[in-house]
Amino acid sequence: MDKRNFAFDKTNFILLAIGMIVVIIGFILMSGGGSTESAYDPEIFNAMRIKVAPVICFVGFVSMVYAIIRKPKDKEEA
């Protein structure tokens, strides 16, 4: 059987998808209603949007970089 040597394997794609989902969750946590010209909303400066969500995005980006850099294990053919 002719097994091609791809740069990514199934695990790389799974890790990449998980990292992408984590980044999307971080951006969703950062979003929300904002202030308008007539009403000020102090909720735009809460800890979730300022501290937690960017850290979640950063973790997602780091995991995506790891998924790209990770070298798949070579299978020895008998």
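Cluster annotation: Leu15 is not connected to Met20 through the hydrophobic network of ILVMFWY side chains, with a link wherever side-chain heavy atoms come within less than 4.5 Å. Residues Ile28 and Val52 are members of separate hydrophobic clusters, defined by side-chain heavy-atom contacts under 4.5 angstrom among Ile, Leu, Val, Met, Phe, Trp and Tyr.
Glu43 and Asn46 get closest at one heavy-atom pair: OE2-ND2, 2.9 Å. Closest non-hydrogen pair, Phe8 versus Ala67, comes out as CE2-O, 4.3 Å. Here the closest non-hydrogen pair linking Cys57 and Met30 is SG-CE, 3.5 Å. In terms of heavy-atom proximity, Ser63 sits nearest to Gly60 at OG-O, 2.8 Å. In plain terms, the two heavy atoms of Gly26 and Ala53 that are nearest each other are O-CB, 3.5 Å. Nearest heavy atoms, Ile44 versus Ile50: O-CD1, 4.2 Å.
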* Take Phe58 and Val23 through the side-chain contact (heavy atoms from CB on, under 4.5 Å) test and state the conclusion after the steps. => CA-CA 7 Å; Phe58 180 73; Val23 169; over 6 Å; no
* Full working for side-chain contact (heavy atoms from CB on, under 4.5 Å) between Lys10 and Ile14 -> CA-CA 6 Å; Lys10 184 178 178 181; Ile14 291 172; 4.0 Å; yes
* To do: Evaluate the criterion side-chain contact (heavy atoms from CB on, under 4.5 Å) for residue pair Ser31 and Arg49; output intermediate values, then yes/no.
  => CA-CA 8 Å; Ser31 68; Arg49 290 187 185 174; over 6 Å; no
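Every residue two or more places apart in sequence or in another chain that forms a side-chain hydrogen bond (donor to acceptor under 3.5 Å, both in side chains) with Arg70 is listed here: Asp9, Asn12.
Rounding to the nearest 0.5 angstrom, the gap separating the CD1 atom in Ile21 from the CG atom in Leu16 is 10.5 Å.
The neighbour count for Phe27 CZ, taken as heavy atoms of other residues, nucleotides or ligands under 6.0 Å away, does not exceed 12.
The aromatic rings of Tyr40 and Phe45 sit tilted, their planes meeting at an angle between 30° and 60°.
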